[in-house]
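Okay, here's the structure, questions in a sec.
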Amino acid sequence: MSLLTQFDQSDAAATGRELHRFAAELYPICRSITGEGIRQTLRNIQERIPLQLTEVPTGTAVLDWTVPKEWNIRDAYIKDANGNKVVDFKKCNLHVLNYSMPVHASMPLSELKGHLATLPDRPDWVPYRTSYYKESWGFCLSHNQMLGLRDGDYEVCIDSTLEDGNLTYGECYLPGKSSEEVLISSHACHPSLANDNLSGIVVAAALAKFLMWRELRYSYRFVFAPGTIGAITWLAKNREVASRIRHGLVLTGIGNADAFHYKKSRRGNAEIDRVAAHVLLHNSKAAETLEFSPYGYDERQYCSPGFNLAVGCLMRSVWGTFPEYHTSADNLEFIRPEKLAESLRVCAAIVDVLENNERYRNLSPYGEPQLGKRGLYRSTGGGAIGDEINAQLWVLNLSDGQNSLLDIAERSAIPFTAISAAAERLRDGGLLSVLPEG
Ligand SMILES: [Zn+2]
């Protein structure tokens, strides 16, 4: 039975609720590219799937980069002259410029304003801002909050540390028959932001859990790492593993209601690119496939020219194109249980194609074999043939040793699942034999 069929036997509504619950559990944690926030996040994932954590010390050279100091934060606020907290990190962790150096000072509003970021166009939302590689401090607040600040002195406090420590990433490895790997990668460094990228984290973890006890053709490696520097660090330390990656997906922004978008790998015609396009085509007419570009998420690192891995990126909304992107409006209401479940189903469908995309040979290629005597044809002639028989005829006709099942699915415009099921019936009927890989 195909992985997708197995997946479809589970309760999608319950799966969606569980995915959303996990996102809600991770949502309050103040993550960053290093520190206790991302470590705690990885530990929470570890409660669900086996996850190996790796710590890489500050100062380690990784490709053209260096692992930065570790950042941790306990508290931050701005108090007015009466001692009222007008901005409070404990209410929303986006209020602090992520990676702010420690500060405790008093200053007039005119000076404080140089350290404040707001979104005048969305006056009720708090922006998400970072300063990883330039030492700085600052606060983010809603524009209306800022307009409410009166002239006068303010006490600012950021109780953070920026010290030598480690960068942490997590890996879940599921061995298959082949040592060739499928990479699933999600960034895990954003604080209270739900679609970007708790959605990717919870779907990736659920996919790992779904695949965990199954017999697999490929080996699967799930990487949860901080964006950019995490993928770079992982690649620097895993060059040999990287050479075994045959297909890969970056999962991000897949919890909101938008249609799916798949960004192709740099190669543009890799098997994963065709698989994702095929699955999305049959999932919904609104889905779009995008050409590779060198900006985006961690596919930028996996598809850098030296590695050039067959790794694409599965999203719903594309980064930077939706108003909630990198703001407090990317919250737990913005991601929906049923959308998370549907994203997990699309991932399962993609894996199902990768796992079953074999080449077969028709063992009776001279004329159509007589399907009826093998119980593979309808018993009454006349009307149109059904979908199952049509899929069988396509598989028989194109299984000349050259075409994979995906080739046949693309050419016939029949979903891969139906083509794969037809191949299984024909094989059981003694009409097809699988060809060895390569
Ligand atoms: Zn982001």
Side-chain angles (χ1 to χ4, degrees), residues 23 26-35 37-38 41-42 45 65 68 71 73 92-100 117-119 121-122 125-134 136 138 140 167-170 184-205 223-234 249-258 260-263 290 292-303 311-335 339-340 343:
L26 298 175
Y27 184 73
I29 302 173
C30 182
R31 278 164 292 273
S32 187
I33 54 171
T34 62
I38 187 164
T41 300
L42 296 172
I45 299 171
W65 297 57
W71 185 70
I73 182 159
C92 168
N93 59 37
L94 299 182
H95 278 319
V96 166
L97 173 75
N98 202 284
Y99 248 67
S100 278
T118 70
L119 293 169
D121 294 347
R122 303 276 176 182
W125 297 357
V126 179
Y128 161 57
R129 296 284 182 270
T130 66
S131 185
Y132 302 136
Y133 302 106
K134 179 172 173 276
S136 178
C140 302
L167 176 150
T168 318
Y169 62 78
I184 308 290
S185 176
S186 279
H187 64 274
C189 54
H190 287 27
S192 292
L193 295 167
N195 200 39
D196 178 17
N197 189 34
L198 294 177
S199 66
I201 295 171
V202 301
V203 169
V223 173
F224 302 89
T228 307
I229 187 69
I232 284 172
T233 302
W234 184 85
L249 273 183
V250 167
L251 295 183
T252 178
I254 45 175
N256 65 325
D258 200 1
F260 284 101
H261 289 81
Y262 173 76
K263 175 183 157 183
L290 312 169
F292 176 77
S293 58
Y295 189 62
Y297 293 103
D298 286 329
E299 71 282 1
R300 289 154 65 177
Q301 314 312 328
Y302 302 123
C303 295
V311 175
C313 178
L314 182 67
M315 302 161 272
R316 283 177 180 273
S317 294
V318 177
W319 68 89
T321 61
F322 55 105
E324 294 85 355
Y325 176 74
H326 283 186
T327 77
S328 56
D330 181 359
N331 56 26
L332 291 169
E333 282 75 56
F334 187 55
I335 59 170
K339 298 300 169 185
L340 291 165
S343 297

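Whatever order the structure lists ligands and atoms in, that order sets their numbers, starting from 1. Treat the numbers as computed from the prediction; the structure is a model and nothing was measured.
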For this session: Assess the side chains of Asn98 and His190: does a donor N or O sit below 3.5 Å from an acceptor N or O?
Result: no
Problem set entry | Asp196 (side chain) donor-acceptor with Asp330 (main chain) under 3.5 angstrom |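 Answer holds: no.
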Exercise. Within the side chain of Asn93, is there an N or O that forms a donor-acceptor pair under 3.5 Å with the backbone of Pro191?
Worked result: no
Exercise. Within less than 2.8 Å of the Zn ion (ligand 1), how many protein N/O/S atoms are there?
Worked result: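 Under the 2.8 Å cut-off, the count stands at 3.
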Problem set entry | Under 3.5 Å: donor-acceptor pair, side chain of Ser186, backbone of Gly200 |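 Yes.
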For this session: Can you spot which of Ile232, Ile229, Val311, Thr233 makes a side chain to side chain contact (heavy atoms under 4.5 Å, CB included) with Gln301?
Result: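 The option that passes is Ile232.
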Exercise. Does Arg31 use its side chain to pair, donor to acceptor, with the backbone of Gly37 at less than 3.5 Å?
Worked result: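 No, because the side chain of Arg31 does not come within donor-acceptor range (under 3.5 Å) of the backbone of Gly37.
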